[in-house]
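Residue numbering restarts at 1 for every chain, and letters A, B, ... go by the order of the sequence lines. Just so you know, these numbers come straight off a predicted model, no measurement behind them.
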2 protein chains.
Amino acid sequence: MTTPEINTWQGVQEEVRRRITQRVWRPGEFIPHEADLAAEFGCARATVNRALRELAEAGLLDRRRRAGTRVAVNPVRKAQLEIPVIREEIVAKGQAYGHRVLSREMPVPPAEVAARMQVAPGRKLLHLRTLHTADGAPYVYENRWINPEAVPAVLAEDFSAISPNEWLVREVPFEGGDFTFSALSAGGAEAEVLSCPAGTGLFVLDRTTWTGAGMITSVRLVFHPGYRMHTRL
Amino acid sequence: MTTPEINTWQGVQEEVRRRITQRVWRPGEFIPHEADLAAEFGCARATVNRALRELAEAGLLDRRRRAGTRVAVNPVRKAQLEIPVIREEIVAKGQAYGHRVLSREMPVPPAEVAARMQVAPGRKLLHLRTLHTADGAPYVYENRWINPEAVPAVLAEDFSAISPNEWLVREVPFEGGDFTFSALSAGGAEAEVLSCPAGTGLFVLDRTTWTGAGMITSVRLVFHPGYRMHTRL
DNA sequence: CAGTTTAATATGTGCAGACATATACCGGCG
DNA sequence: CGCCGGTATATGTCTGCACATATTAAACTG
């Protein structure tokens with residue numbers, strides 16, 4: 001019996017995946033060395049390496065130098081979810097995007113916000129409350145703090161034509177971000193802005209972004225009732 | 001001036017990242033070809049390719065054959081979140097894990113569930129309601145449907161010693177999954193099980209998993225009030 | 001026999017060269 | 001002028017080889 005050669009990394013990956021899901025190689029078990037697999041599939045070791053590396057990154061395999069490669073005991077499912085750009089998400093659904101600024105102030109922030117933004121207490125920050133709408137209906141209530149020291153140009157922008165998020169993405173080179181997903185019960189403010197009964201469960205995304213120089217912005221997005229964030233495999 | 005050679009893919013990636021965040025290469029702009037970069041850094045094209053490929057996967061670059069590589073206009077932020085194994089999440093926090101089965105029945109499922117599980121209407125499914133606890137306090141309320149045709153062994157298991165999730169992960173070779181994050185307002189059932197006031201906003205994760213043969217299980221996890229799911233960059 | 005050094009080995013990475021593939025661009029044709 | 005097909009080109013991938021690095025297992029030593 002001649003095995004047809006598998007000499008693409010996708011092919012190798014597919015075959016290895018199959019052997020894992022079909023339990024040819026059981027969880028916790030060592031699989032053959034790269035060199036052996038390369039020989040079996042009739043391809044170069046680099047090709048096998050590429051295939052296995054990705055599977056290890058996905059959490060299906062555990063690899064260690066010298067020790068070898070084994071099938072992960074309980075596959076840590078890492079879901080990759082795309083953080084939406086609100087406008088694009090709405091437009092993609094064929095709805096009309098709109099947004100308006102509800103308030104724009106420059107107060108001394110509450111201690112909790114000052115801490116998260118790593119600014120000295122007493123320092124003022126730009127505070128924006130905006131609403132994104134889809135076909136006129138409330139979609140996301142955005143509550144954002146911006147550090148004007150990190151982005152001086154922000155003071156000259158009124159965000160009537162462009163949302164703070166998109167303006168920041170365009171103007172400021174981000175380096176890192178921090179995301180927290182949670183839920184809250186609509187209080188008076190959220191209920192009014194999103195036109196829903198108080199007490200409605202709402203999906204919340206808190207995001208803080210920074211650059212090497214320091215914190216730029218911290219935003220809470222409160223989504224309309226019924227919002228779902230979805231991902232596959 | 002002699003540029004020190006950068007001949008590791010990590011080094012190349014770091015340098016390219018720097019040029020993007022510091023706007024040496026501006027959003028939308030084309031960057032030099034792989035061959036040119038390889039020459040500049042004094043490394044092989046394969047090394048540059050590896051560095052750029054990962055940045056493209058991360059959404060920082062747009063690459064197309066023949067056209068070239070350009071800096072992404074608005075970096076699609078892809079957050080990779082780890083779907084927790086409840087028990088491990090609790091144990092990692094130094095708390096005592098516990099779980100108990102609230103109910104175990106085999107009814108004809110509501111139409112909505114039958115559709116999601118792709119079983120003929122009228123067909124019975126195993127329905128489990130369980131509660132995971134951390135130091136005795138309610139942590140997650142789990143509402144699960146299992147297709148016994150896909151996993152016959154499930155009928156012999158009472159899940160007193162092991163949670164349905166972990167049992168399934170151990171026994172059944174998954175192939176794919178479907179995740180939805182949302183929020184709900186605690187109704188009577190959730191409020192009682194999670195010991196919180198009705199109307200509390202709760203974080204919800206719906207997951208459906210399948211294998212080539214068909215749907216295996218569909219579960220709704222309702223987390224305790226205040227639960228947060230977190231990820232970085 | 002316990003502790004430490006040394007060697008063996010699997011994965012990780014780099015290189016040069018080649019071919020594969022998608023596609024932007026240009027020139028020809030109706 | 002618009003359509004169509006050919007071609008150049010940038011990325012995508014494979015190969016065979018080499019060396020680097022982490023880690024285990026064996027050998028050695030007091």
**Message:** Using 0.5 Å steps for rounding, measure from the CZ atom of Phe179(A) to the CG atom of Leu233(B).
**Reply:** 7.5 Å
**Asked** Do Gln95(B) and Tyr139(B) have side-chain atoms, one donor and one acceptor, less than 3.5 Å apart?
**Response** no
**Prompt:** Hey, does the side chain of Asn49(B) come within less than 4.0 Å of dG12(D)'s phosphate (OP1/OP2), counting only N and O?
**Reply:** yes
**Asked** CD of Glu34(B) versus P of dT13(D): gap in Å, rounded?
**Response** 11 Å
**Request:** Rounded off to whole Å, could you give me the CZ-to-P distance for the Phe30(B) and dT9(D) pair?
**Result:** 16 Å
**Request:** Return the 5'-most residue of the pair Arg64(A), Thr8(A) with respect to DNA chain D, ranking by each residue's nearest nucleotide.
**Result:** Thr8(A)
**Fill in**
Walking DNA chain D from its 5' end, the first of Arg66(A) and Arg50(A) to be reached, judged by nearest nucleotide, is Arg50(A)
**Prompt:** From dT11(D), dT13(C), dA16(C), pick the nucleotide closest to the side chain of Ala44(B)?
**Reply:** dA16(C)
**Message:** Rounded to whole Å, how long is the line connecting atom CZ of Arg70(B) with atom P of dA10(D)?
**Reply:** 14 Å
**Fill in**
When rounded to whole Å, the CD to C1' distance for the pair Glu54(A) and dG12(C) reads 15 Å
**Message:** Does a side-chain N or O of Thr47(A) approach OP1 or OP2 of dT15(D) to a distance below 4.0 Å, or not?
**Reply:** yes
**Request:** Calculate the interatomic distance between Gln13(B) atom CD and dT13(C) atom P; express it in whole Å.
**Result:** 11 Å
**Asked** If you check the Arg65(B) side chain, which of dG14(C), dT13(C), dA22(C) turns out closest?
**Response** dA22(C)
**Asked** Does a side chain donor of either Asn165(A) or Ser163(A) reach within less than 3.5 Å of an acceptor in the other side chain?
**Response** no
**Message:** Base of dA10(D), side chain of Arg63(B) - is there a donor-acceptor contact under 3.5 Å?
**Reply:** no
**Message:** When you measure from the side-chain N and O atoms of Thr69(A) to the phosphate of dT11(C), is any distance below 4.0 Å, counting only OP1 and OP2?
**Reply:** yes
**Message:** Considering every strand and a 4.0 Å limit on heavy-atom distances, what is the contact class for Ala46(A): base, sugar-phosphate, or nothing?
**Reply:** base
**Request:** Quickly work out the Leu61(B) CG to dG12(D) C1' distance and round it to whole Å.
**Result:** 15 Å
**Message:** Tell me whether Glu166(A) is salt-bridged to Arg170(A), with the criterion being a basic N under 4.0 Å from an acidic carboxylate O.
**Reply:** no
**Prompt:** Expressed in angstrom and rounded to an integer, what is the separation of Asp62(A) atom CG from dG12(C) atom P?
**Reply:** 11 Å
**Prompt:** How close or far is atom P of dC14(D) from atom CZ of Phe41(A), stated in whole angstroms?
**Reply:** 13 Å
**Check: Arg45(A) side chain, dG12(C) base, donor-acceptor under 3.5 Å** = yes
**Message:** If the cut-off is 4.0 Å, is Gln10(B) near the phosphate of dG12(C), judged by side-chain N/O to OP1 or OP2?
**Reply:** no
**Request:** For Thr217(A) and Arg144(A), test the side chains for any donor-to-acceptor distance below 3.5 angstrom and give the result as yes or no.
**Result:** yes
**Prompt:** If you check the His33(B) side chain, which of dT11(C), dT15(D), dT11(D) turns out closest?
**Reply:** dT11(D)
